[in-house]
Amino acid sequence: MSTPPSEALSWRSIADLVGNRPDAPVAIVGAGVNERSLTPGRCDLGPKAFRAVLPRFSTYDVETGSELSTLVHDAGDVAVKALSPAAAFQPIRDAVAAQAKRGLTVLIGGSNAITRPGVHALGLERVGVLTLDAHFDLRDTDQGLTNGNPIQALLDDGMDGKRISQVGLAPFANTKRAHDKAKAAGISVRTARECRQQGLAAVVAEELARLSALADVIYVDFDIDVIDRSQWPASPGARPGGVSAEAFFDATRVIGAHPKVKAVDLTEYDPSLEIGDLGSLTAGRWFCELLAGFESR
Ligand SMILES: N=CN[C@@H](CCC(=O)O)C(=O)O
């Protein structure tokens, strides 16, 4: 019987699951779109910071007694440096579509502008979209694509608003015009207060059930500025009064477990706003929760 390796100075980490693994059921794709963000920043650094933190997570969940073993193919980064959201659309859509055989594709941004191409990769006619986001992202598109209008752009593309659920919307961080647009389009709107009172995981489960009845597959946009700014300083749009990191992790596990969730993204992570590794450790834990949910399918 072979002796297991010593854990004195290292451990089996989430990074050990990730690599060039063509047959893995899960893939990650980096897409550091950064141009034309309403608040200029460095979301382009997100994919690199995300990968760098993975060795700090063991594969063991002490709360459930489960050991993660799902292998993850790292498909690398899409070359979007200095590209506008409009120019980055096709390469990102194609990179996500190229992973169609996987059970789950994880797009690591990058600004929220990556959500539109990610959704298109699953097929606009058959997809449902769930956003965890403090913002509607329904800003007008007359000045071109930005990180503030991917949902408006999807409506412009012809997506049926009834197949969109938006969870975690923050007061005084959106306009009446955007709210009216959401209502007119038939989008299901759930505020941050509802999420705190009912539990984010419960709200997300309700919305997944709703979308599931309307769509063949589901795309989830984790705009991480939905988390309260005291726990998540690493997005320009994060505000006090958001959801807790703990609730975000619980909801992520529910999403990872849903059989119709085929692709997700992590957006608005700007490592240049990092305080004490809080951002990278939150993003890394998010990925652990996603894998834990996926393994329970
Ligand atoms: N997805 C983010 N939307 C925010 C913009 C955040 C920023 O760059 O300041 C919004 O529309 O307000």
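In listed order, ligands and their atoms are each counted from 1.
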Enquirer: Taking 4.0 angstrom as the limit and counting only heavy atoms of G148, give me the atoms of ligand 1 inside it, by number and element.
Expert: 11 (O)
Enquirer: Please could you name the atoms of ligand 1 that D137 approaches to less than 4.0 Å, counting only its heavy atoms?
Expert: 1 (N), 2 (C), 3 (N), 11 (O)
Enquirer: For ligand 1, which atoms have a heavy atom of R139 less than 4.0 angstrom away?
Expert: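 Ligand 1 atoms under the 4.0 Å threshold to R139: 10 (C), 11 (O), 12 (O).
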Enquirer: For D225 and ligand 1, does the shortest N/O to N/O distance drop below 3.5 Å?
Expert: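 Such a contact does not occur with ligand 1.
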Enquirer: Closest approach of A238 and W232, non-hydrogen atoms and distance?
Expert: CB-O, 3.4 Å
Enquirer: Of the protein's non-hydrogen atoms, which lies at the shortest distance from atom 6 (C) of ligand 1, and what is that distance?
Expert: N147 ND2, 3.8 Å
Enquirer: Does the D223 side chain pair with the main chain of D133, one donor and one acceptor, at a distance under 3.5 Å?
Expert: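 Between the backbone of D133 and the side chain of D223 there is no qualifying donor-acceptor contact (under 3.5 Å).
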Enquirer: Short list, please: which atoms of ligand 1 are under 4.0 Å from a heavy atom of N112?
Expert: 1 (N)
Enquirer: Using every non-hydrogen atom in the two residues, find where V53 and S280 come nearest and quote the distance to one decimal.
Expert: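 Nearest heavy atoms, V53 then S280: CG1-O, 3.3 Å.
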Enquirer: Does T39, backbone or side chain, put an N or O under 3.5 Å from an N or O of ligand 1?
Expert: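 Yes, since at least one N or O of T39 sits under 3.5 Å from an N or O of ligand 1.
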Enquirer: Check this for me: R193, atom CZ, are more than 12 non-hydrogen atoms of other residues, nucleotides or ligands nearer than 6.0 Å?
Expert: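 Not buried by this count: 12 neighbours or fewer within 6.0 Å.
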Enquirer: Give a yes or no on this: more than 12 heavy atoms of other residues, nucleotides or ligands lie within 6.0 Å of atom NZ of K260.
Expert: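 Enclosed.
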